[in-house]
Amino acid sequence: MEIIKVIVAGPRGKMGRAALNMIAGSDNLQLAACLDRKFGGHRVLDLEDMPTLDALIYEDPAVCFSEVDADVLIDLTTPEVGYKHTKLALEHHIRPVIGTTGFTEEQLTELTRMSEEKRLGGVIAPNFAVGAVLMMQFSKWAAKHFPNVEIIERHHDQKLDAPSGTAYKTAELIREEREPRQQGHPDEKETLQGARGADKDGIKIHSVRLPGLVAHQEVVFGGTGETLTIRHDSINRESFMTGVKLSVETVMGMDVLAYGLENILE
């Protein structure tokens, strides 16, 4: 069995901790190091409430990528940090698996170009939950028959970007099957700015941020005398780890960057 050596960025976050637990329970993954803005020089097992994994923590990603023998970077941080980590990882011939949303189209284009030049695989996924990917694909299919659609996404109140990467990706997929169109009454007027949500080619996107939520999205289609709702709920962060592990294993045989988990699902 081939052992895949992994660096995890953001180990103290909720997603990062779930990734460490996933690695600890895997037969074919090994934690090589962690990247964190604090606790450089400590080992993971020295920190409170962390898995007993004997891997060094680095604060400087360039030093980490230069000193550590690793195959894959799992980054579950923020868009700004994740973008920098992804570039550095590719430069050091480490395959990126990125669960950070909020990259711009220009950043994605640049990272894709770097991946192609180095013939190094990677995955950037707005959502690693397999059910969420199916929800997006089902929505794309439904848009062929129901062009009037709105997206409502709900996340915990510590999420930094709005709309979510999943909502944005869903709208992009729907756009492939639906011509831009105005929805609602042509004379509609917001008496409170933002009441109708964000607008992407006429698709309204609404973001809800509340404590107690994890990650939830429903795509609501309207037709003559009927509606169709496609919904996905992540009840806990372990729901994302199946996709993370699949991505780590799959990028070992890839030579391009894939945007979206659907690109590696059979």
Side-chain angles (χ1 to χ4, degrees), residues 1-100 103 107 110-125 128 237 240-258 264:
M1 179 188 303
E2 180 185 8
I3 300 298
I4 303 171
K5 291 166 286 188
V6 180
I7 297 171
V8 173
R12 291 183 297 117
K14 293 178 180 178
M15 283 285 286
R17 194 164 303 189
L20 292 184
N21 287 328
M22 180 268 292
I23 292 170
S26 299
D27 294 330
N28 63 333
L29 304 185
Q30 176 186 321
L31 184 66
C34 281
L35 276 174
D36 191 89
R37 58 187 177 85
K38 300 169 79 173
F39 302 108
H42 290 74
R43 307 195 84 79
V44 173
L45 53 76
D46 296 330
L47 302 187
E48 187 178 356
D49 298 326
M50 297 291 273
T52 54
L53 295 168
D54 189 17
L56 191 61
I57 299 172
Y58 289 80
E59 293 182 18
D60 188 326
V63 173
C64 177
F65 296 156
S66 297
E67 293 185 354
V68 176
D69 179 20
D71 302 302
V72 175
L73 165 71
I74 298 176
D75 188 287
L76 304 163
T77 58
T78 65
E80 295 79 10
V81 175
Y83 170 65
K84 294 176 183 177
H85 286 175
T86 305
K87 286 187 66 176
L88 275 172
L90 289 170
E91 289 171 1
H92 288 82
H93 210 77
I94 297 172
R95 300 162 180 83
V97 170
I98 311 300
T100 304
F103 288 167
Q107 289 173 333
E110 180 184 11
L111 295 174
T112 300
R113 177 187 55 78
M114 289 183 64
S115 173
E116 290 175 349
E117 288 176 353
K118 295 184 175 294
R119 299 187 62 79
L120 201 63
V123 173
I124 298 176
F128 278 112
R237 287 166 179 82
F240 304 113
M241 292 306 114
T242 301
V244 172
K245 188 172 189 293
L246 174 65
S247 298
V248 169
E249 295 168 343
T250 305
V251 293
M252 296 299 294
M254 293 170 55
D255 58 6
V256 295
L257 185 71
I264 65 172

Side chain to side chain contact (heavy atoms under 4.5 Å, CB included) between Val97 and Asp75, worked out: CA-CA 6 Å; Val97 170; Asp75 188 287; over 6 Å; no
Can Val123 and Phe128 be said to form a side chain to side chain contact (heavy atoms under 4.5 Å, CB included), step by step? CA-CA 10 Å; Val123 173; Phe128 278 112; 4.3 Å; yes
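Considering only residues two or more places apart in sequence or on other chains, Glu59 meets the side chain to side chain contact (heavy atoms under 4.5 Å, CB included) condition with none of them. The side chain to side chain contact (heavy atoms under 4.5 Å, CB included) test applied to Gln30 returns Ile3, Lys5, not counting sequence neighbours. Checked against side chain to side chain contact (heavy atoms under 4.5 Å, CB included), Thr112 has the following partners two or more places apart in sequence or in another chain: Glu116, Leu257. With sequence neighbours excluded, the residues satisfying salt bridge (Lys or Arg N to Asp or Glu O under 4.0 Å) with Asp255 are Arg119. Every side chain to side chain contact (heavy atoms under 4.5 Å, CB included) that Ala89 has, sequence neighbours left out, goes to Phe65, Leu73, Ile94. In this structure, the salt bridge (Lys or Arg N to Asp or Glu O under 4.0 Å) partners of Glu117, at least two apart in sequence or on a different chain, are Arg113. With sequence neighbours excluded, the residues satisfying salt bridge (Lys or Arg N to Asp or Glu O under 4.0 Å) with Asp36 are Arg12. For Ser115, there are no side chain to side chain donor-acceptor pair (under 3.5 Å) partners two or more places apart in sequence or in a different chain. Applying the salt bridge (Lys or Arg N to Asp or Glu O under 4.0 Å) test to Lys84 and every residue at least two apart in sequence or in another chain returns nothing.
Between Thr86 and Gln107, every side-chain heavy-atom pair lies at or beyond the 4.5 Å cut-off. For the pair Phe240/Leu76, no side-chain contact is recorded, criterion being any heavy-atom separation below 4.5 Å from C-beta on. Between Val6 and Ile4 there is a side-chain heavy-atom pair separated by less than 4.5 Å. Here the side chains of Ile264 and Met254 are in contact, with some heavy-atom distance below 4.5 Å. Looking at Cys64 and Ile7, their side chains come closer than 4.5 Å, going by heavy atoms from C-beta outward.
Between the CG atom in Leu88 and the CG atom in Leu35 there is a gap of 9.5 Å [rounded to 0.5 Å]. Atoms NE2 and CD, on His85 and Glu80 in that order, are 11.5 Å from each other to the nearest 0.5 Å. Note that the CE atom of Met15 and the CZ atom of Arg237 stand 8.0 Å from one another [nearest 0.5 Å]. Distance CZ/Arg95 to CD1/Ile74: 13.5 Å, rounded to 0.5 Å. One distance of note links OH of Tyr58 with OG of Ser66; it measures 9.5 Å at 0.5 Å rounding. In this structure, Met252 CE and Glu2 CD are separated by 4.5 Å, a value rounded to the nearest 0.5 Å.
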Can you list, pair by pair, the side-chain donor-acceptor contacts under 3.5 Å of residues 20-27, counting residues two or more places apart and other chains?
unit_1, atom_1, unit_2, atom_2, d
Asn21, ND2, Arg17, O, 3.3
Ser26, OG, Met22, O, 2.7

Which side-chain N or O atoms in residues 37-45 pair as donor and acceptor under 3.5 Å with protein atoms at least two apart or in another chain?
unit_1, atom_1, unit_2, atom_2, d
His42, ND1, Phe39, O, 3.4
Arg43, NE, Asp54, OD1, 2.4

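Within the structure, ring-ring contact (aromatic ring centres under 6.0 Å, His included) contacts touching residues 18-38 (residues at least two apart or in different chains) do not occur.
One finds a salt bridge joining Glu110 and Lys87 here, because a Lys/Arg side-chain nitrogen approaches an Asp/Glu carboxylate oxygen to under 4.0 Å.
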